[in-house]
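Read through the structure below, which is laid out as structure tokens, and then see the notes.
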Amino acid sequence: MFLGGFGAFFAFAVFSVMFAVAALVVSFILAPKAPSENKKSTYECGMQPKGEGQINFSVKYYMFAILFIIFEIEALFLFPWAVIFKKLGLFALIEAFIFVFVLLLGLVYACQKDLLEWRR
Amino acid sequence: MEFLNSAVFLIFAAMIIFSSVFAVFAHKIEYSVLSAVVCFLSVGALFLTLSADFIGASQIMIYGVGVSILLAFAIMFTGKDSPKSLYLTNPLRVFLGFVLVLTFLSVLIFFISPVLDPKSDGAFSSYGSFAAQIESIRQIGTAKFIGRRIFCDYVLPFELLSLLLLAGIVGVGYLAGGSKKDV
């Protein structure tokens, strides 16, 4: 089997990357360059920025990342079910519904705890 | 065709090696994380080339996306005062790292070599000839195989997994619960 049956996928990936790289390279080669001190500054007109651009983020946002991974694992385990859904029939459908229902309880709990609220 | 398969496999293997080495030796923590993400995605692509679509998808989804986001968040939490350069300075740590890698490598070779030896009675010898064994190993990582095992043989562990994930959500709620007042 060619590339494990993913030959078209890899060819697509290679060509899409090549399109992006080609656009960047061609514009880099063809574009006229006349750099100056003013052009390199962050804002051409307006306030002069001071210091570094990096700031600390609140740890609260980490909760979103953890919740994201949890629901991603849920989606991942529904993937093999979806592939052979027709062969497995009603029993597997009920199994998947129980699986989703338990995690739906978790989602309700997260809403109750205001975990999904984007706080500043 | 076989040559092209090997070529793509070697390209991804080289990408894994170079990106992981760069992740260790990069001078800036942002570069380390970016190159670790490249390493995760290459491992996923490597599994896809070996027709293990479920393992490849899980590698890309959990490591290439989820863990990468966790790493990116972890960097955004660090202030600009934290040390930027990450040289390997402690010789004891370097030594222990080498010992760990060699141990892991020997364990890996110990477990893999009987399976790949055509003459031995490996773990898959009941499948018949060497080619049939390879074909049966190739089936293991596919979503069809894993779906059949999960939804026919291992129903209870699958449902327990949802409870485990629920416990994770509750844990996040418990950790975040303390900071509710200072909104």
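Convention: sequence-line order gives letters A, B, ...; per-chain numbering from 1. FYI, side chains are in, hydrogens and waters are out, and symmetry mates aren't considered; it's all heavy atoms of this structure. Predicted model only: the values in this text are computed from it and were never measured.
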Select one option (side chain, backbone, both, neither) describing which atoms of L163(B) are under 4.5 Å from chain A's heavy atoms.
-> both
With a 4.5 angstrom heavy-atom cut-off, could you sort out which part of F158(B) is near chain A: side chain, backbone, both or neither?
-> both
Measure distances from F77(A) to the heavy atoms of chain B and classify the residue's part below 4.5 Å as side chain, backbone, both or neither.
-> both
Residue selection (most heavy-atom pairs with chain B, distance under 4.5 Å) from I69(A), L105(A), V100(A), L67(A) | I69(A)
Shortest non-hydrogen contact from F79(A) to A57(B)?
-> CE2-CB, 4.0 Å
Please state whether the side chain, the backbone, both or neither of I84(A) comes within less than 4.5 Å of a heavy atom of chain B.
-> side chain
Contact class of I98(A) relative to chain B, heavy atoms under 4.5 angstrom | both
Among the options V67(B), V65(B), I69(B), V170(B), pick out the one with the most heavy-atom pairs lying under 4.5 Å from chain A.
-> V170(B)
Can you list the steps and then say if E159(B) with V102(A) is a side chain to side chain contact (heavy atoms under 4.5 Å, CB included)?
-> CA-CA 9 Å; E159(B) 301 299 348; V102(A) 171; 5.6 Å; no
Do V155(B) and F91(A) touch side chain to side chain, with heavy atoms closer than 4.5 Å?
-> yes
Rounded to the nearest 0.5 Å, how far apart are CZ of F85(A) and CZ of F151(B)?
-> 10.5 Å
How about F10(A) and F12(B): are their ring centres within less than 6.0 Å of each other?
-> yes
Please report the closest heavy-atom contact between A110(A) and I169(B), naming both atoms and the distance.
-> CB-CG2, 4.3 Å
Under a 4.5 Å side-chain heavy-atom rule over Ile, Leu, Val, Met, Phe, Trp and Tyr, are V38(B) and Y31(B) clustered together?
-> no
Proximal component of A45(B), with respect to chain A [non-hydrogen, under 4.5 Å] = both
Taking the side chain as every heavy atom from C-beta outward, state whether I66(A) and L70(B) have any pair of such atoms under 4.5 Å apart.
-> yes
Nearest heavy-atom neighbours spanning P80(A) and F54(B) | CD-CE1, 3.5 Å
In Å and rounded to the nearest 0.5 Å, what is the CZ to CG distance from F99(A) to L166(B)?
-> 11.0 Å
Residue part contacting chain B, namely of F9(A), when any heavy atom lies under 4.5 Å | side chain
Chain A contacts, top residue of G147(B), A143(B), S162(B), G56(B) (heavy-atom pairs, under 4.5 Å) | S162(B)
Test item: F71(A) and L165(B) side chains (from C-beta on) under 4.5 Å apart, heavy atoms = no
